[in-house]
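As the structure is a computational prediction, the values presented were derived from the model and not from experiment. When a ligand or atom number is given, it counts from 1 through the structure's own listing order.
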Amino acid sequence: MCGIVGYVGDQQALDVVVAGLARLEYRGYDSAGVAVVADGEIVMEKRAGKLINLRDALAGLPQPPATVGIGHTRWATHGAPTDRNAHPHGDCKGQIAVIHNGIIENFAALRAELEERGHELRSDTDTEVVAHLLEEETAGVTLGEAMRNVCRRLEGAFTLLAVHTADPGLVVGARRNSPLVVGRGVGENFLGSDVSAFIAHTREAIELGQDQVVELRRDSITITDFDGRPAKTRDYHVDWDASAAEKDGYEYFMLKEIAEQPRAVADTLLGRVGADGRLVLDEMRLSDQDLRDCDKIVIVACGTAFHSGLIAKYAIEHWTRIPCEVELASEFRYRDPILTRDTLVIAISQSGETMDTLMAVRYAREQRAKVLAICNVNGSTIPRESDGVLYTHAGPEVAVASTKAFLTQLVACYLVALYLGQVRGVLFGDEIEDVIEQLETMPSKIQEVLTTIGPVRDLARSLAAERCVLFLGRHVGFPVAMEGALKLKELAYMHAEGFAAGELKHGPIALVEPGLPVVVVVPGHGRKVIHDKIVSNIQEIRARGAKTIVIAEEGDDSVTAYADTLIRIPAVPTLLQPLVSTVPLQVFACELASAKGHDVDQPRNLAKSVTVE
Ligand code: F6R
């Protein structure tokens, strides 16, 4: 939440910073602003609304001759999304500009102190106190030193960047509980909430740790802890380039990312099976003994990642016989969960920065449980703070609604489950090989769904005037139904719910009225009992006038008579079916939102990477 860019070098700072903001806009689009240091002065421009408003404002102004700058795209927490509350914020003397991602929890007390000392605060934000605290602290010390002093007084989560007219070749950054990465260039250096901020300029990055301050000049990068001691950091090379974060001719990033799913799934499988057919997941960094000792698995995650965890539970319990709980990360630590040294906590997060999930990880580690992260962003906070990590290889996900990350999270969960089965000796080698072989066919099966998706798009457009859609599933189809409903809520702003089909008669069936569209995900014939039960459920809702949209495998003719619309997916083993059954639901939501004229990539009130609790 909130995108942050910093630049020091030889290029026009404004151009570099605004281009960086364009790549980070998915992190928040309530307002955008920039500050550069030009001719010994801070030049600041900010506008409520999307980046385009700032761009329009800048287009009418002369380009300031500046090679140092910072920029911000906001997801509002404190203060309405207005010009006044947009970042950067300044001090009383107009010498300092500050941008911030996170929440400063003790800002009210700090603000009262500052006002008592005569400072004039001009916004409703928590951020502005930092500019004024820096104003006081910089009397006598460097901006870096001042930042360290201020950070020690702040509570909560923050990434901060600041510039000061007294040292025009310097950007200072700081982080606690919110993301910040350094981009190392030649004669220029960068800061960003994530690498996409500077990927067009450099693929060499430095991961910053917790409670660190970075002083960035065109030819030096100095990183310390909040007490000024040199800090440990990790350099890494970004294995994708700027073109991966472009729309590439698609109308929306979401459509591009849906289309990339066959490749993302293939990449996530790549290199994880040895020549002898055994799974090799050394990068997980958890010892086989730890995995043998594990007597319970708890999966923590939010939103779409939570749905992947719900599906993983079916696979883990079926293949390994280890009890598995799945919990919303935001609820986890507040209910005093029972964790021991033998509990394996799996934290699933695309961004690796989701605050609720990060807090669950920290809580689990405090209880001495082992934590394995399943994550898409290399070097992000959650994997860094976990005992081990299995990276998904979806590539950058820019659309706010998660698609390819979800499918690759499923693949990673299947791999972890199979690996547990392998290490603990509860699965035979040929059983594992069978599933791996099936998984390896999934990219082409997903492609098949994409190639035949036209009727789903037509259906979505025909339902644009509806107010409510229900989704039903059983077994792994239940979380798929929840995921379909979440996509529709967040993109089409429609009332949508995903129910376990068997639960319908315990209450939700009262929602069914003539004409209500109900999407039903039908399991394959492989699970005859649940398959037949859901066919009965379809008849129950049809009898009450629902418009049935049935997603069923090729060759399953038992549903044809009860489907107002039939969407075919390839037949695959039941546990793997979500890899194909989710895809039409993603396209359905995307198309419906587009038919309603919504901004598919940047739905209202949302932001990618939720870095506040
Ligand atoms: C929905 C969506 C969100 C995220 C959730 C967790 O389309 O994208 O529900 O899945 O905010 O984010 P990560 O996976 O980054 O922890």
When you check the gap from the basic side-chain N to the acidic O, do Glu257 and Lys404 get nearer than 4.0 Å? no

Relative to the heavy atoms of Lys487, which atoms of ligand 1 are at a distance of less than 4.0 Å? 1 (C), 7 (O)

Hydrogens and angles aside, do Tyr29 and Asp601 bring a side-chain donor and acceptor to less than 3.5 Å of each other? no

Lys50 and Asp599 ion-paired at < 4.0 Å: yes

To which of Ser308, Ser402, Cys302 does the heavy atom nearest atom 6 (C) of ligand 1 belong? Cys302

Would one find an N or O of Thr304, backbone or side chain, under 3.5 Å from an N or O of ligand 1? yes

Considering only heavy atoms of Gly303, which atoms of ligand 1 have at least one such atom less than 4.0 Å away? 9 (O)

In ligand 1, which numbered atoms sit nearer than 4.0 Å to a non-hydrogen atom of Ser349? 13 (P), 14 (O), 15 (O), 16 (O)

Give the residue and atom name of whichever protein heavy atom lies nearest to atom 7 (O) of ligand 1, and the separation in Å to one decimal. Glu490 OE2, 2.5 Å

Looking only at protein heavy atoms, what sits closest to atom 16 (O) of ligand 1 is Thr354 OG1, 2.5 Å

For Glu385 and Gln210, which I'm curious about, is there any donor-acceptor pair between the side chains at under 3.5 Å? no

Numbering as shown, the atoms of ligand 1 that approach Gln350 to under 4.0 Å (heavy-atom distance): 13 (P), 14 (O), 15 (O), 16 (O)

Using only heavy-atom distances, determine whether the side chains of Thr381 and Arg175 contain a donor-acceptor pair under 3.5 Å. yes

Ligand 1 atoms in contact with Ala305 (distance to a heavy atom under 4.0 Å): 10 (O), 14 (O)

I'd like to check which ligand 1 atoms, numbered from 1 as shown, lie under 4.0 Å from a non-hydrogen atom of Val400. 8 (O)

Which atoms of ligand 1 sit under 4.0 Å from any heavy atom of Ser351? 13 (P), 15 (O), 16 (O)

Test of ring centre spacing under 6.0 Å for His307 and Phe406: no

Please walk me through it: do Thr304 and Lys487 pass side chain to side chain donor-acceptor pair (under 3.5 Å)? CA-CA 9 Å; Thr304 288; Lys487 285 286 154 297; 2.9 Å; yes

Do we get Arg604 above Tyr493's six-membered ring, with its NZ or CZ under 6.0 Å from the centre and within 45° of the axis? yes

